[in-house]
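For reference, the structure discussed in these notes is given below.
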Amino acid sequence: MALRITIDGREIRVETGTTILEAVEGLDIHIPTLCYHGGARPYRACQICRVEIEDEQGRRRVASACTMPVRREGQQVYTRSEAVLEARREALQSLLASHPKVDWLWEMAEELGVAIPESPVGPAPEGCILCGLCARTCSEVLGIEAITYDRHALGDGELPLRVDPSACIGCGACAAVCPTGVIKQDDRDGWRQMEWWGMERAEIELQRCAGCGEYFASPGALAQARKRVRGSLPMSDFCPTCRALAARQKLTLEIRT
Amino acid sequence: MERTIYVEPERCLGCSSCELACAVAHSQSGELFQAIRENLLSEPRLQVEVVGDQPLPLHCLHCEDAPCVQVCPTEAMAKTGPGEPVICDRERCVGCSLCVLACPYGVLRLDRGGKKVLKCDLCIGRLGQGLEPACAEACPSSAIQFLPLEEIDQREGDGWRKEFLIVYRGQAALISQAGG
Amino acid sequence: MAQKTLVEEQVLIQPLQAKDRILDEATREGLERAEEVGTTNVWERFETMQPQCGFGKLGLCCKNCNLGPCRIDPFGMGAQRGVCGATAATIVARNLARKTAAGAACHSDHGRHMVHTMLMMAEGEAEDYHIGDPAKLRTVAEEYGVELDGRDDRAIARDLAEAMLAEFGQQHGELNFVKRAPEGQQKTWRQLGISPRGIDLELVEILHRTHIGVDNEYHSLLSSAMRAALSDGWGGSMIATEVSDILFGMPSPVRAVINLGVLREDQVNVVVHGHVPLLSEMVLAAAQSPDMIGLAKEKGATGINVVGMCCTANELLMRQGIPVAGSFIQQELAIATGAVDAMIVDVQCIMPSLPVVAECFHTKVISTDPRGHFEGAEHIELDESRALEIAKEIIRRGIEAYGERNPDRVRIPDERMDLIAGFTTENIFHHLGGRFRGSYRPLNDGIIAGRIRGVAGVVGCDNPKNMSGSAHVEMVKELIKHDVAVLQTGCSALACARAGLMQPEATFEYAGQGLQEICETVGIPPVLHLGSCVDNSRILTAATEMVKEGGVGNDISELPAAGAAPEWMSEKAIAIGWYFVASGVFTVFGTPLNVLGSPPVTRYLTDELEGIVGGKWAFESDPVKAAHLMIDHINKKREALHLRPMMYGEE
């Protein structure tokens with residue numbers, strides 16, 4: 001069912017249950033996000049996407065746009081009210097405490113007049129904003145569970161992110177989704193070196209292509225791919241370049257002979 | 001889809017105009033002179049490489065039962081229906097590279113940022129505007145064309161429709177030889 | 001249900017790369033070292049460039065004006081005319097004409113430089129240059145109508161220089177050396193209106209004609225290309241050859257050594273690379289001076305090793321017997337040995353990547369010509385009025401650099417080959433009969449009698465597209481096996497020299513019986529090194545001598561002769577090919593000229609031209625097949641002359 005809501009004075013129509021963040025997609029209304037990722041369920045970890053919503057009684061409160069669904073016809077949403085900016089200041093203070101390498105956060109902090117400690121303070125390792133995207137991707141999305149997020153640990157003042165390097169399949173998704181670059185993947189001399197938050201490491205020996213001999217895949221990731229494909233995966237021991245070569249050879253056979 | 005891409009390999013002259021047009025079409029600005037100055041430079045989704053003396057553009061074939069769709073853990077890779085292209089929702093892509101490993105033709109790869117996969121989307125944005133896919137429009141020797149399905153059926157029979165959405169000349173014969 | 005796929009598990013045969021076609025051991029080793037060190041090289045860049053654009057290869061791309069850039073679809077469905085209306089034939093012919101002009105410009109500008117320096121010398125402004133061959137000075141001066149009686153060399157040289165310089169700016173008439181060509185050729189050229197009028201004029205006119213909307217008809221465009229090429233072959237190049245002989249002496253047969261192994265661990269290695277002997281002769285003289293040798297010894301070297309690369313190597317080789325480090329394609333590998341202290345370059349065929357390769361080592365790349373600049377090179381400009389002084393400054397830089405050489409990073413491939421070079425039109429048969437001018441009688445008699453089938457000129461560059469030099473070797477081996485005497489120049493000569501074909505022993509190992517007998521009797525190798533690329537003019541005059549001597553044809557087009565550039569790379573090769581074709585010689589190129597996009601133009605070049613100028617083009621990348629195209633052509637000419645059948649039978 002479609003609803004009419006107003007965001008910053010603009011009326012738009014959305015399906016009921018759409019989150020506010022999804023509602024503004026494609027419009028030129030910008031709600032900043034950091035821990036949001038289309039591939040994982042939203043988590044409210046970074047608190048940057050806060051907006052102010054008004055209920056039927058005209059009461060206003062702050063909520064996270066990534067998880068707040070639109071359910072009421074005529075709902076008012078504000079993305080830059082004073083309450084929103086104040087909420088953002090708080091979020092920034094906690095995010096920037098671990099000095100993440102994300103330029104626009106620092107720019108925003110400067111704009112809003114937020115004071116940041118000179119050197120990083122814990123419990124997160126330097127640069128980590130505890131968004132948990134790595135854990136959500138590895139555990140919920142991929143089902144590998146090499147990286148896990150223990151909420152309760154945070155309450156105890158401990159680092160909630162845990163990694164079991166021996167369970168890592170070396171796919172590199174955690175490095176790809178990390179918004180602050182504190183998970184690193186470095187392929188070098190036939191080994192994939194994973195490094196999590198500057199704290200834990202894994203070295204995974206890469207597999208050589210059966211055709212050209214170049215290192216092309218982590219065996220664990222390749223095994224996952226094989227597992228998930230129905231039937232067999234042709235040329236799975238060959239790198240993409242060799243697979244492409246084989247396809248090209250097939251497609252041009254008639255011309256070349 | 002009423003039309004699809006038809007490739008005639010012997011017409012390919014290796015000029016790479018298709019690669020250039022694809023990259024520009026998928027850039028932020030969509031325009032050549034600006035596209036080459038963008039921060040994260042765009043990349044083509046197809047590649048022209050030589051086999052022996054014959055250059056050839058290798059497209060994503062938009063397989064009907066695509067392995068990339070089967071392995072994608074976030075359902076970023078999806079096909080809206082039979083005879084439709086396989087599209088990657090970049091928002092959902094987590095950069096796990098399982099699709100890269102699953103594609104039997106090696107046409108997928110992560111972009112130069114290393115976080116998202118590069119996937120031919122059959123230029124659905126352009127199709128929505130009544131335009132042809134950028135590669136077909138750009139190809140100066142008509143090696144890549146955007147033809148009505150019936151016309152392709154006349155040349156290739158219609159068996160290809162069960163397996164792929166993109167057709168190379170003679171492809172149908174090759175598949176029945178391969179046996180899967 | 002599982003997807004049916006195009007591919008199954010298979011053992012893939014990895015495609016061959018350009019570097020897999022290298023046969024020369026030194027080149028292979030040198031490349032391995034370059035790859036080890038991680039420096040850029042021509043073979044890697046060639047692979048990265050694949051696939052190379054087919055429109056370019058076919059000649060169907062035009063960038064001459066801003067209506068474009070345009071390309072014609074050879075499959076007939078896309079554009080069939082450029083935006084201005086030009087057809088494939090127009091575009092192909094325009095492109096070819098421009099390339100011809102560019103190539104001719106290089107040779108002619110080189111000639112101009114030589115003449116200008118001769119003038120300076122004659123007027124006392126360039127004391128470091130001298131008249132090396134007074135007899136040749138007089139012979140050539142006489143051809144230019146310069147007064148000889150009772151005049152000293154300097155005066156004659158000045159007048160000759162002025163007369164030659166005037167030809168560059170000449171606006172009508174005919175270039176002087178056209179008179180050297182056989183009557184048949186002169187008549188043909190005049191009838192066709194392609195006799196060259198002035199050296200610079202022919203090139204400027206091509207730039208004009210190939211502009212949008214000027215000359216759009218391919219016969220006309222290609223005639224002007226021929227005229228420009230003739231202004232090179234019987235003009236600029238010939239002038240360069242003659243003046244080089246005048247200034248530095250006419251070459252005579254000399255023994256020397258070639259390949260990367262000529263670099264020395266115990267000496268300062270100075271490589272001269274490029275084309276103009278005005279630089280390289282001075283560098284050699286500087287390196288041989290006692291003060292420079294002393295300086296080198298102070299630094300711990302046992303001496304200074306001047307070696308050459310490319311055409312300037314040929315110039316120094318022919319006259320001074322200097323060792324040759326390598327050809328065009330090996331230039332980066334020389335630096336990658338880690339043993340080169342200074343690489344001194346002037347103009348043409350010098351890879352812009354040299355300073356980048358040099359960055360991995362202590363090597364100093366020094367550019368010397370105002371027309372040739374390189375990012376990352378040091379520029380010490382040669383001023384002819386202080387040539388030796390500047391050459392010494394350059395040598396000093398090399399000696400300094402020697403001090404920075406790291407001996408642990410030196411890897412010189414242990415490959416060296418002896419060769420004999422130094423043949424000219426005048427001296428091939430010089431020593432026979434004690435006459436001053438050699439006689440071509442033994443050659444012509446050998447051809448008539450059927451001992452020698454004919455003569456071939458195998459010239460040109462080396463190219464990773466072909467066999468990085470070895471196509472020359474395969475072709476020449478096949479030719480001499482079939483009793484064809486081979487004349488060579490340029491990097492082609494160097495490739496064959498590397499393979500040992502320019503040693504006397506090669507006669508017995510590779511030559512057919514008839515050719516062996518002549519070579520033994522006359523005392524020459526079956527493969528003769530005639531010099532640098534401007535020295536292709538020597539092949540023109542040698543052909544003319546054969547005609548004059550008689551019995552093997554009334555003009556060049558009737559000679560049992562053919563030409564080839566199996567690994568051509570440069571636009572200069574196009575100009576050379578053209579002036580041979582226009583002079584009546586059947587000429588085979590290893591990869592096609594960029595003309596196949598227009599079938600009418602291709603037919604004109606490879607077929608119809610023969611009926612017009614007596615020569616035509618052929619394209620064949622397999623060197624043995626190409627050799628047989630030449631042999632078949634030579635046989636055809638023999639038949640037409642009613643010569644005796646080959647003495648030792650046909651193979």
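Protein chains get the first letters and strands the later ones, always in sequence-line order, with residue 1 at the start of each. Note that the structure is a prediction, hence the values are computed from the model and not measured. All values below come from the heavy atoms of this structure, side chains included, with hydrogens, waters and symmetry mates left out.
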- [ ] Could you check which of B:Val71, B:Val107, B:Val69 has the highest count of heavy-atom pairs closer than 4.5 Å to chain A?
- [x] B:Val71

- [ ] Flag the one option from B:Val50, B:Leu58, B:Asp89, B:Leu110 with the top tally of heavy-atom pairs under 4.5 Å to chain A.
- [x] B:Leu58

- [ ] Pick one of side chain, backbone, both or neither for A:Ala175, based on which atoms fall under 4.5 Å of a heavy atom in chain B.
- [x] backbone

TODO: Side chain from CB out, backbone as N, CA, C, O: work out which of these in A:Cys178 comes under 4.5 Å of a heavy atom of chain B, or both, or neither.
DONE: backbone

Within a reach of under 6.0 Å around [atom1] of [X], are more than 12 heavy atoms found that belong to other residues, nucleotides or ligands?
X        : atom1 : result
A:Asp186 : CG    : yes
B:Gln28  : CD    : no
A:Arg226 : CZ    : yes
A:Glu203 : CD    : yes
B:Glu31  : CD    : yes

What's the shortest heavy-atom distance between [X] and [Y], and which atoms?
X        : Y        : result
B:Gly114 : A:Ala176 : O-CB, 3.9 Å
A:Arg248 : B:Gln47  : NH1-O, 3.1 Å
B:Pro73  : A:Leu142 : CG-CD2, 3.5 Å

Student check: side-chain heavy atoms of [X] and [Y] closer than 4.5 Å:
X        : Y        : value
B:Gln54  : A:Gln249 : no
A:Leu251 : B:Arg169 : no
A:Arg228 : B:Gln70  : no

Rounded distance [0.5 Å steps], [atom1] in [X] versus [atom2] in [Y]:
X        : Y        : atom1 : atom2 : value
A:Thr241 : B:Arg109 : OG1   : CZ    : 9.5 Å
B:Glu91  : A:Glu22  : CD    : CD    : 9.5 Å
A:Leu245 : B:Tyr105 : CG    : OH    : 14.5 Å

Donor-acceptor pairs under 3.5 Å, side chain of residues 126-135 of chain B to any protein atom, not counting sequence neighbours: which ones?
from     : atom 1 : to       : atom 2 : distance (Å)
B:Arg126 : NE     : B:Glu132 : O      : 2.7
B:Arg126 : NH2    : B:Glu132 : O      : 3.0
B:Arg126 : NH2    : B:Glu137 : OE1    : 3.3
B:Arg126 : NH2    : B:Glu137 : OE2    : 3.1

- [ ] Could you please state which residues from residues 93-102 of chain B sit under 4.5 angstrom from chain A, measuring non-hydrogen atom to non-hydrogen atom, sorted by number, or 'none'?
- [x] B:Cys93, B:Val94, B:Gly95, B:Cys96, B:Ser97, B:Leu98, B:Val100, B:Leu101, B:Ala102

